[in-house]
Amino acid sequence: MRIQHEYLQNLMERVEARNPAEPEFLQAVGEVLESLTGVVEARPEFITEGVMDCLVEPERIIKFRVPWEDERGQIHVNRGFRVQFNSAIGPYKGGLRFHPSVYEGIIKFLGFEQIFKNSLTGLPIGGGKGGADFDPKGRTDLEVMRFCQSFMTELFKYIGPDTDVPAGDIGVGSREIGYLFGQYKRLRNEFTGVLTGKGLSYGGSLARTEATGYGLCYFTDCMLKDAGRSFEGATVVISGSGNVATYACEKAAALGAKVVAMSDSGGYIYDRDGIDLACVKQLKEVERRRISAYVDTHPGAEYHAGCRDIWNIPCHIALPCATQNELDGRSAKALIQNGCFAVAEGANMPSTPEAIQAFQSAGVLFAPAKAANAGGVATSALEMSQNSMRFYWTFEEVDEHLKRIMRDLYHNASRAAEQYGAPGNLAAGANIAGFLKVGEAMLAYGIV
Ligand code: NDP
Ligand code: 2IT
């Protein structure tokens, strides 16, 4: 990628040289730097005061060994990470991902994205991310507990309710958060809001489970309405069948859409009658089985092995909610040819740069991840507020806050895009609006 601005292009080259073999991180940084050209032209102090150079370098990276014993007595050693990227506007905040594909570059890309996303929520949270190359699939509850306890036995030294507040991401849901929180509490002898996504019996927030998927639909709804469209009567394809996909499906259907496809890492289901979400929840959340089992009870539906072709299914709205780079240029072309008019990213960086380019040139409405999926972390911040107050809000109260946050976020990103000469480009607008607050705080601190 070539960035038009000379200093930013030069900075990008230095980032490439310092972070070789981390393509996801370079992709995330390149996309942000490119959209900040107008900002640094108007405010050169972001360059001269060192803000841009600091922005692309994590404040701290913690990398550790996670040894644990499985039920057969075999010892495993995984690698754990926490990237504390930027604390300019609040304690580091971001999820933990447990997936075999995790390495430093993935956590750095996610931590970097989190800085701007968290800033966009308008709430006081910095950017961080963590995880491990551990695969919870096929592991017993006991094994997952042992892994989580070993992971936290190292991580607890570096986190705290005013320092760094992890949460869930791929492979980390309420079961893992419970084990992690229990171990933190035991090691510190403190009951604090050090993690979010907690169970309701020990300080979790109502509506946090639903928040990312619901927030994605609230954001998309604003974007659609501005363009004279809506979810009502639309056909929707959603990739993934985890936390984000499940609640995106629930809300899209509540807003009048018909969701016809969902997937997991093995393949996708296509149900022309509309996905039976209760069945998907039972299979994925409760029984922890493969989505292929859906067709056993829904003979009218189809199962196809492999994930990519889900984007060949005709739809009006596509919601990629599984993982990074799951939607490439070829898939984007198929969506466009089939009449798709909006794409909103529930996952982090699910569209490749080629796909984004294709959507934008074809006039497809495009909601970028760091804006569209910010409802999860925003509600995590609401969980932190409730923990600090030692109080709780009702589901409806949290949901109302979430709606307002997503609406404001949409308008802020939209306005920033317009102000910096890219009207309608929410990807640029989100990067600009997210950056400005963090950049101002970094300027205020001087060189730190
Ligand atoms: P879950 O672990 O609950 O679900 C992940 C889903 O994606 C599963 O269906 C999984 O399939 C599928 N998946 C995972 N990896 C791959 C892969 N390499 N190829 C194809 N499918 C894959 O995670 P979440 O729903 O929490 O996260 C999904 C995305 O949303 C991630 O990008 C995450 O970073 C992002 N996100 C999550 C937030 C949250 O609050 N949870 C907030 C904002 C963003 P399988 O079951 O087979 O593994
Ligand atoms: O990518 C994300 O924003 C998350 N996984 C949620 C982070 C959080 O702290 O709730």
Side-chain angles (χ1 to χ4, degrees), residues 24 90-102 106-107 109-118 120-121 123 125-131 135-138 164-177 193-198 204-205 207-216 219 238-249 262-269 280-281 283-285 287-292 306-308 310 319-327 345-351 369-384:
E24 298 86 0
Y92 309 104
K93 181 85 197 85
L96 297 171
R97 176 176 292 191
F98 291 169
H99 193 271
S101 63
V102 164
I106 291 276
I107 303 300
F109 122 63
L110 290 163
F112 183 73
E113 294 281 283
Q114 203 81 43
I115 302 170
F116 308 95
K117 181 195 307 195
N118 293 4
L120 282 167
T121 67
L123 300 166
I125 38 178
K129 200 85 188 191
D135 189 357
K137 264 200 208 84
D164 183 355
V165 183
D169 193 81
I170 292 179
V172 178
S174 57
R175 172 182 61 172
E176 291 74 18
I177 294 291
V194 67
L195 294 171
T196 59
K198 299 187 290 298
S205 172
R208 174 61 187 91
T209 306
E210 293 83 356
T212 312
Y214 279 21
L216 173 67
F219 185 94
I238 301 181
S239 62
S241 50
N243 173 266
V244 180
T246 299
Y247 293 96
C249 178
M262 291 180 83
S263 63
D264 64 16
S265 57
Y268 65 93
I269 50 168
V280 173
K281 276 189 187 173
L283 288 172
K284 300 298 293 184
E285 273 182 8
E287 299 172 17
R288 296 185 191 274
R289 290 171 66 195
R290 311 307 300 157
I291 205 164
S292 55
C307 302
R308 302 249 153 191
I310 193 172
L319 304 177
C321 295
T323 195
Q324 63 277 351
N325 292 326
E326 55 164 314
L327 201 172
E345 299 186 318
N348 284 307
M349 207 169 75
S351 311
K370 41 173 107 60
N373 75 26
V377 74
T379 307
S380 278
L382 300 178
E383 183 172 331
M384 291 164 71

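Every number for a ligand or one of its atoms is a count from 1 in the order of the listing. No experiment lies behind these values; they were computed from the predicted model shown.
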For atom 25 (O) of ligand 1, tell me which residue out of T209, V244, D135 has the closest non-hydrogen atom. V244
Considering the heavy atoms of G168, write down every atom of ligand 2 situated less than 4.0 Å from one of them. 4 (C), 5 (N), 6 (C)
How does K370 reach ligand 1, by side chain, by backbone, by both or by neither, if only non-hydrogen atoms under 4.0 Å count? neither
Is it the case that N348 and K117 place a side-chain donor and acceptor less than 3.5 Å from each other? yes
Nearest 0.5 Å please: distance from the OG1 atom of T323 over to the CG atom of D169. 8.5 Å
Can you find a pair of side-chain heavy atoms, one from I106 and one from K129, that are under 4.5 Å apart? no
With a cut-off of 4.0 Å, which atoms of ligand 1 are near a heavy atom of S241? 9 (O)
Hey, mind stepping through K370 and E113 against salt bridge (Lys or Arg N to Asp or Glu O under 4.0 Å) and telling me if it holds? CA-CA 7 Å; K370 41 173 107 60; E113 294 281 283; 3.4 Å; yes
Run the numbers for me: atoms of ligand 2, each under 4.0 Å from some heavy atom of G94, listed by number. 7 (C), 9 (O)
Hey, does N373 come in under 3.5 Å of ligand 2, counting only N/O atoms on both sides? no
For the OG atom of S205 and the CD atom of E210, what is their distance to the nearest 0.5 Å? 9.5 Å
From CA spacing to verdict: side chain to side chain contact (heavy atoms under 4.5 Å, CB included), M349, E24: CA-CA 9 Å; M349 207 169 75; E24 298 86 0; 4.1 Å; yes
What do you reckon, does K117 have a nitrogen or oxygen under 3.5 Å from a nitrogen or oxygen of ligand 1? no
Distance, nearest 0.5 Å, that separates OH of Y92 from CD1 of I125: 14.5 Å
Do K198 and S174 get their side chains close enough for a donor-acceptor pair, meaning under 3.5 Å? no
Find all atoms of ligand 1 within a distance of less than 4.0 Å from any non-hydrogen atom belonging to C321, and give their numbers and elements. 28 (C), 29 (C)
Closest candidate by heavy atom, reference atom 4 (C) of ligand 2, pool M384, E113, K129, R97: K129
Residue K93 vicinity, atoms of ligand 2 by number, heavy atom under 4.0 Å: 8 (C), 9 (O)
Derivation and outcome, side chain to side chain contact (heavy atoms under 4.5 Å, CB included), residues V165 and V194: CA-CA 5 Å; V165 183; V194 67; 5.7 Å; no
All heavy atoms of A369 vs all of P350, minimum pair found to be CB-CD, 4.3 Å
Looking only at heavy atoms, what is the nearest atom pair of A245 and I238, with distance? CB-CG2, 3.8 Å
Counting both backbone and side chain atoms, is some N or O of R208 under 3.5 Å from an N or O of ligand 1? yes
So OG of S241 and CD1 of I269: to nearest 0.5 Å the spacing works out to 7.5 Å
At under 4.0 Å between heavy atoms, which part of T212 makes contact with ligand 1: side chain, backbone, both or neither? side chain
For atom 7 (C) of ligand 2, the closest protein heavy atom turns out to be G95 N, 3.5 Å
With heavy atoms under 4.0 Å as the rule, classify the contact between N348 and ligand 2 as side chain, backbone, both or neither. side chain
Under 4.0 Å to a heavy atom of G240 - the qualifying atoms of ligand 1, by number: 9 (O)
Mind running side-chain hydrogen bond (donor to acceptor under 3.5 Å, both in side chains) on E285 and T246 for me, showing each step along the way? CA-CA 9 Å; E285 273 182 8; T246 299; 4.6 Å; no
Protein residue, atom and distance nearest to atom 47 (O) of ligand 1, heavy-atom basis: S265 OG, 2.5 Å
Between the CE atom in M262 and the SG atom in C249, the distance rounded to the nearest 0.5 Å is 4.5 Å
Heavy-atom closest contact (T196 atom, I177 atom, distance): O-CD1, 3.8 Å
Quick note on ligand 1: atoms under 4.0 Å from a heavy atom of K284 include exactly 46 (O)
Checking salt bridge (charged side-chain N to carboxylate O under 4.0 Å, His left out) between D264 and each of K137, R288, K284, which is the one that passes? K284
Contact atoms of ligand 1, heavy-atom distance to K137 under 4.0 Å: 45 (P), 47 (O), 48 (O)
Considering heavy atoms of the protein only, find what lies nearest to atom 2 (C) of ligand 2 and give residue, atom and distance to 0.1 Å. K117 NZ, 3.3 Å
When distances are taken from atom 18 (N) of ligand 1, the protein heavy atom at minimum range is T323 CG2, 3.6 Å
Approximate separation, where rounding is to 0.5 Å, of L123 CG and S380 OG: 10.5 Å
Any heavy atom of S263 under 4.0 Å from ligand 1? The part involved is backbone
Checking a contact table here: which protein heavy atom is nearest atom 6 (C) of ligand 2, and how many Å away? R208 NH2, 3.6 Å
Can you list the steps and then say if T209 with Y247 is a side chain to side chain contact (heavy atoms under 4.5 Å, CB included)? CA-CA 8 Å; T209 306; Y247 293 96; 3.8 Å; yes
What protein heavy atom lies closest to atom 14 (C) of ligand 1? Include the residue and the distance to one decimal. I170 CD1, 4.2 Å
Mark up the atoms of ligand 1 that fall under 4.0 Å of a heavy atom belonging to A347, in ascending order. 29 (C), 30 (O), 32 (O), 35 (C)
For atom 3 (O) of ligand 1, what's the nearest protein heavy-atom neighbour? Residue, atom name and distance, please. N243 N, 2.9 Å
Which atoms of ligand 2 are found less than 4.0 Å from any heavy atom of A167? 8 (C), 9 (O), 10 (O)
In the protein, which heavy atom is nearest to atom 15 (N) of ligand 1, and how far is it? H99 NE2, 3.7 Å
For ligand 1, the portion of Q324 having any non-hydrogen atom under 4.0 Å away: neither
Output the list of atoms in ligand 1 that are nearer than 4.0 Å to some heavy atom of R97, sorted by atom number. 31 (C), 32 (O), 33 (C), 34 (O)
In the protein, which heavy atom is nearest to atom 29 (C) of ligand 1, and how far is it? A322 O, 3.3 Å
A student checking ligand 2 against S380 at a 4.0 Å heavy-atom cut-off should list atoms 8 (C), 9 (O), 10 (O)
Return the closest protein heavy atom for atom 2 (O) of ligand 1 as residue, atom name and distance. G171 N, 3.0 Å
Counting non-hydrogen protein atoms only, what is the nearest one to atom 32 (O) of ligand 1? Give residue, atom name and distance. N348 N, 3.1 Å
